Amino acid sequence: MPQSKAVSSGGLNVSGMETPLVSVVVPTYDRPEKLRRAVETVRAQTYRPIELVVVDDHSPEPAADALEDLALDGVSLTLVRHEQNRGGNAARNTGIGESTGKFVAFLDDDDRWEPAKIQRQVETFQTSPDSVGFVYTGARYIYDDGERCISNDLSGTVTRAILEGASVAEFSAVMVRASVIEAAGLPDERFPSWQDHEWFLRLSLHCAFATVDEPLTIRHWDHAGRIGQDFEKRRDVSFPLFVEKHRALAAEYGLEERFVASLLETLVIDAAQNGYYGDARRLAFRALRTDPTLPTPWLYLLACLGGSLTYRPAKRLLAIVQSEDDQGGDAGG
């Protein structure tokens, strides 16, 4: 696997403290322009030292071509190319294996960071108790028709909240202590979706979480092809696998029914948003049989009774409800 290295400059003094190496893992596949844009936001970070690990998941045109003339200004680069396409989680895991930093951050190739993102996360680690092993930022989501900011406040010991359906963040917003990754294990490559939510649940068993509430991560949802948009894979693969892996843990917390119902609730929303109105109704009934206290399945059940004829007029109201849930950290990841 070809690699390239550039010499890193000295670290920025953050509040007079040690400046540990931060590894940034960027998995990529066949998006050279977006990859270059993402890497430029790593170069623009106010923090040093940074080790950038780009993992090319066997793009038709090697990712190295997109980066060959890009000056990284003191950011060291490791570039790894898979010999065959293996998926996003495999690329992240390769990147984790190549990382040598005390902290590991993740950036999807179609997302971006504000310049202070890494600095604010390292500062949060350094001013938090040693039990904190996971720091995430708020995010600005850019859509075809506008944008909105989401900033969750879930922090401390969060395993129970995640089992109940609370969302934390997505890969591009998080930084994890390397020792916690070693304890919890790598992201599960079997998941075609929900891999971030599942991994964060396992990480929560080994550390406390902390937040940076500024929207320092910029997520682009103005294009097709994101893993999270594939409803059928969530329904047929991610959901049953998630339940199989963590039902026993949820039972230990006395949350088995709520855990299953919260995952079904997320599937209901996915089904409606992707035009699977029959699935949305069936999943809503199933979620309500499991836990009738959840309000969202009731709303989506009513909205989808007449298929697109009833869902489209209700879509604006549902978006408002979902936005409030996201701000409160109540939606599944």
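Computed from a prediction, not measured in an experiment: that's the story for all the values here. Basis for what follows: all heavy atoms, side chains included, without hydrogens, waters or symmetry-related copies.
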Review point. Does the ring centre of F285 sit less than 6.0 Å away from the ring centre of W298?
Key: no
Check your understanding: Can you check salt bridge (Lys or Arg N to Asp or Glu O under 4.0 Å) on D69 and R36, steps first, answer last?
Key -> CA-CA 10 Å; D69 62 343; R36 187 180 177 94; 2.9 Å; yes
Practice item. Please report the shortest heavy-atom distance between R43 and L72, naming the atom on each side. Key: CG-O, 3.6 Å
Exercise for review: Check step by step if side-chain contact (heavy atoms from CB on, under 4.5 Å) holds for D230 and E232.
Suggested key: CA-CA 6 Å; D230 195 332; E232 292 184 6; 4.2 Å; yes
Review point. Donor-acceptor pair, E147 side chain versus Y141 backbone, under 3.5 Å?
Key: no
Check your understanding: Short question: side chain of S23, backbone of S99 - any donor-acceptor pair under 3.5 Å?
Key -> no
Check your understanding: Can you check whether Y276's main-chain N or O pairs, donor with acceptor, with N274's side chain at less than 3.5 Å?
Key -> no
Practice item. Hey, could you give me the CZ/OG distance between R177 and S131, rounded to the nearest 0.5 Å? Key: 8.5 Å
Study note, to complete from the structure: Residue set satisfying salt bridge (Lys or Arg N to Asp or Glu O under 4.0 Å) with R286, at least two apart, ordered chain then number -> none
Check your understanding: Can you find a heavy atom in the side chain of V104 that is under 4.5 Å from one in the side chain of I181?
Key -> yes
Practice item. Supply the atom-to-atom distance I118 CD1 to T46 OG1, rounded to the nearest 0.5 angstrom. Key: 8.5 Å
Practice item. Check R281 against G307 and note the closest heavy-atom contact, atom names and distance. Key: NH1-N, 4.1 Å
Revision key, fill the gap. Closest non-hydrogen atoms of L79 and A64, given as atom of the first, atom of the second and distance, are CD2-CB, 3.2 Å
Review point. Which pair of non-hydrogen atoms, one from L107 and one from P27, has the smallest distance, and what is that distance?
Key: O-CD, 3.6 Å
Exercise for review: May I ask you to decide whether D270 forms a salt bridge with K233, counting only side-chain N to carboxylate O separations under 4.0 Å?
Suggested key: no
Check your understanding: Can you check salt bridge (Lys or Arg N to Asp or Glu O under 4.0 Å) on D188 and K245, steps first, answer last?
Key -> CA-CA 11 Å; D188 190 333; K245 284 194 69 172; 3.0 Å; yes
**Study point:** Trace of the side-chain contact (heavy atoms from CB on, under 4.5 Å) decision for T41 with R112
**Key:** CA-CA 6 Å; T41 70; R112 295 181 289 136; 3.8 Å; yes
Review point. With D65, which residues qualify under salt bridge (Lys or Arg N to Asp or Glu O under 4.0 Å), at least two apart?
Key: none
**Study point:** is_close_aromatic(F242, H197), centroid dist under 6.0 Å
**Key:** yes
Check your understanding: Do other residues, nucleotides or ligands put more than 12 heavy atoms under 6.0 Å from the CD atom of E182?
Key -> no
**Study point:** Charged N-O contact under 4.0 Å between R37 and E33
**Key:** no
Study note, to complete from the structure: One should read off an interatomic distance between E265 CD and L283 CG, to the nearest 0.5 angstrom, of 11.5 Å
Check your understanding: For T290 and E257, does a side-chain donor sit closer than 3.5 Å to a side-chain acceptor?
Key -> no
Check your understanding: Does a side chain donor of either D109 or T28 reach within less than 3.5 Å of an acceptor in the other side chain?
Key -> yes
Practice item. Test side-chain contact (heavy atoms from CB on, under 4.5 Å) on Y47 and T19 and set out the steps. Key: CA-CA 9 Å; Y47 182 89; T19 54; 3.8 Å; yes
Practice item. For the pair D110 (side chain) and K34 (backbone), establish whether a donor and an acceptor sit closer than 3.5 Å, ignoring hydrogens and angles. Key: no
Review point. Shared ILVMFWY cluster between V25 and L186, side chains joined below 4.5 angstrom?
Key: yes
Point to revise | Neighbour count >12 (heavy atoms, 6.0 Å) for atom CD, E68 | key: yes
Review point. Nearest 0.5 Å, what's the OG1-NZ distance between T217 and K117?
Key: 5.0 Å
Review point. Do you see a donor-acceptor pair shorter than 3.5 Å between the side chains of E189 and N93?
Key: yes
Check your understanding: Taking the six-membered ring of F171 as reference, does the NZ or CZ atom of R92 fall below 6.0 Å from its centre and within a 45° cone about the axis?
Key -> yes
Practice item. Check whether the side chains of R86 and H58 place a donor and an acceptor atom closer than 3.5 Å, and report yes or no. Key: no
Review point. Under 30°, 30 to 60°, or over 60°: which ring-plane class applies to Y136 and F209, parallel, tilted or perpendicular?
Key: perpendicular
Check your understanding: Please walk me through it: do R140 and E114 pass side-chain contact (heavy atoms from CB on, under 4.5 Å)?
Key -> CA-CA 10 Å; R140 178 157 57 97; E114 297 289 358; 3.3 Å; yes
Check your understanding: Are any side-chain N or O atoms of E256 and backbone N or O atoms of R247, one a donor and one an acceptor, separated by less than 3.5 Å?
Key -> no
Review point. Does W113 reach the main-chain N or O of S172 with its side chain, forming a donor-acceptor pair under 3.5 Å?
Key: yes
Study note, to complete from the structure: Rounding to 0.5 Å, atoms CG (L267) and CZ (R282) come to a distance of 12.5 Å
Review point. Is D108 salt-bridged to R219, cutoff N-O under 4.0 Å?
Key: yes
Review point. Going by atom types alone, do T100 and E51 pair a side-chain donor with an acceptor below 3.5 Å?
Key: yes
Exercise for review: Could you tell me the separation between the OG atom of S76 and the CG atom of L52, rounded to the nearest 0.5 Å?
Suggested key: 7.5 Å
Point to revise | Closest contact, heavy atoms only, P115 versus A44 | key: CB-O, 3.6 Å
Exercise for review: Classify the side-chain pair D57/H82 by whether it contains a donor and acceptor separated by less than 3.5 Å.
Suggested key: yes
Review point. Are L263 and L299 connected in a single hydrophobic cluster, I mean Ile/Leu/Val/Met/Phe/Trp/Tyr linked by side-chain heavy atoms less than 4.5 Å apart?
Key: yes
Exercise for review: Please name the pair of heavy atoms, one in F125 and one in G133, separated by the smallest distance, quoted to 0.1 Å.
Suggested key: CE2-C, 3.6 Å
Review point. Among side-chain atoms of S193 and S238, is any donor-acceptor pair under 3.5 angstrom?
Key: yes
Check your understanding: Between S155 and T211, is any side-chain donor less than 3.5 angstrom from a side-chain acceptor?
Key -> no
